[in-house]
Amino acid sequence: MSKKSDSFFPKVYNVARKIPFGRVTTYGAIARYLGTARSARMVGWAMNQCGNVRPAVPAHRVVNRNGLLTGKHHFGSDLMQQLLENEGIKIEENRVVDLKKVLWEPGKKQGKAKRR
DNA sequence: GAGGTGACGACCC
DNA sequence: TGGGTCGCCACCT
């Protein structure tokens, strides 16, 4: 696979799948981690295709910069909110409560890593 | 084949 | 300090 087929789509899925339980991330965080902060839109698109990708991506753990469950409408009903609450994340007004507390950024990881 | 849309974000004025 | 505009790349029509 030395091809250049390294589209950032699979990268987004890879990062999204690394989101730990009870934590959430933002489109911008993933996009920035990939080096394409301006392509945050594509991250959302990747989530849209997440249902078409396996293993399934916990897109319900991905919210926008405001902590708003923008993708909730795409999940269908309040499924996204229910899933987040199921993980211990409080949701109010379709927003993640204490987003900064549950916010998880790729690259930081939980323990420690080589990081760069 | 081409154009428009899209689950956002950053930059500019 | 806030509001407005552009950019990004892939998928759909």
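The figures here come from the full heavy-atom set of this structure, side chains too, leaving out hydrogens, waters and symmetry mates. Letters A, B, ... mirror the listed sequences (proteins, then strands); counts begin at 1.
Spacing between B:dG4 and C:dC6 at atom P, rounded to whole Å, works out to 15 Å.
When the side chains of ILVMFWY residues are joined at heavy-atom separations under 4.5 Å, either directly or via intervening members, A:Val57 and A:Met80 end up in two distinct hydrophobic clusters.
A donor-acceptor contact shorter than 3.5 Å is absent between the side chain of A:Asp78 and the backbone of A:Gln82. Judged by distance alone, the side chain of A:Tyr13 and the main-chain N or O of A:Ala46 form a donor-acceptor pair under 3.5 Å. For the pair A:Thr25 (side chain) and A:Val62 (backbone), a donor-acceptor distance under 3.5 Å is absent.
Within a 6.0 Å radius of CZ in A:Arg17, more than 12 heavy atoms belonging to other residues, nucleotides or ligands are found.
What separates CZ of A:Phe75 from C1' of B:dA7 is a distance of 9 Å, to the nearest Å. Atom NE2 in A:His73 sits about 14 Å away from atom P in B:dG6, given to the nearest Å.
Residue A:Ala59 is classed as a base contact, given a heavy-atom separation below 4.0 Å to a base.
Proximity of residues 91-103 of chain A to DNA chain B (heavy atom under 4.0 angstrom from any strand atom) is not detected for any residue.
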Run the numbers on A:Phe75 and A:His60 for side-chain contact (heavy atoms from CB on, under 4.5 Å), then give the verdict.
-> CA-CA 8 Å; A:Phe75 268 80; A:His60 63 274; 3.6 Å; yes
With side-chain contact (heavy atoms from CB on, under 4.5 Å) as the test, would you mind laying out the steps for A:Val63 and A:Thr70 before giving the verdict?
-> CA-CA 6 Å; A:Val63 297; A:Thr70 48; 5.9 Å; no
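For residues 41-64 of chain A, every residue pair satisfying the salt bridge (charged side-chain N to carboxylate O under 4.0 Å, His left out) rule, not counting sequence neighbours, is listed here: A:Arg61-A:Glu87.
Remark: A:Met42 engages A:Phe8, A:Ser39, A:Trp45 in a side-chain contact (heavy atoms from CB on, under 4.5 Å) (not counting sequence neighbours). For A:Asn94, the side-chain hydrogen bond (donor to acceptor under 3.5 Å, both in side chains) criterion is met by A:Lys72, not counting sequence neighbours.
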Got a list of protein N/O to nucleotides 9-13 of chain B N/O distances below 3.5 Å?
{"unit_1": "B:dG9", "atom_1": "OP1", "unit_2": "A:Arg65", "atom_2": "N", "d": "2.4"}
{"unit_1": "B:dG9", "atom_1": "OP2", "unit_2": "A:Arg65", "atom_2": "N", "d": "3.0"}
{"unit_1": "B:dA10", "atom_1": "OP1", "unit_2": "A:Arg32", "atom_2": "NH2", "d": "2.5"}

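First and last contacts of DNA chain C with chain A, using any nucleotide atom under 4.0 Å from a protein heavy atom and ordered 5' to 3', fall at C:dG7 to C:dC11.
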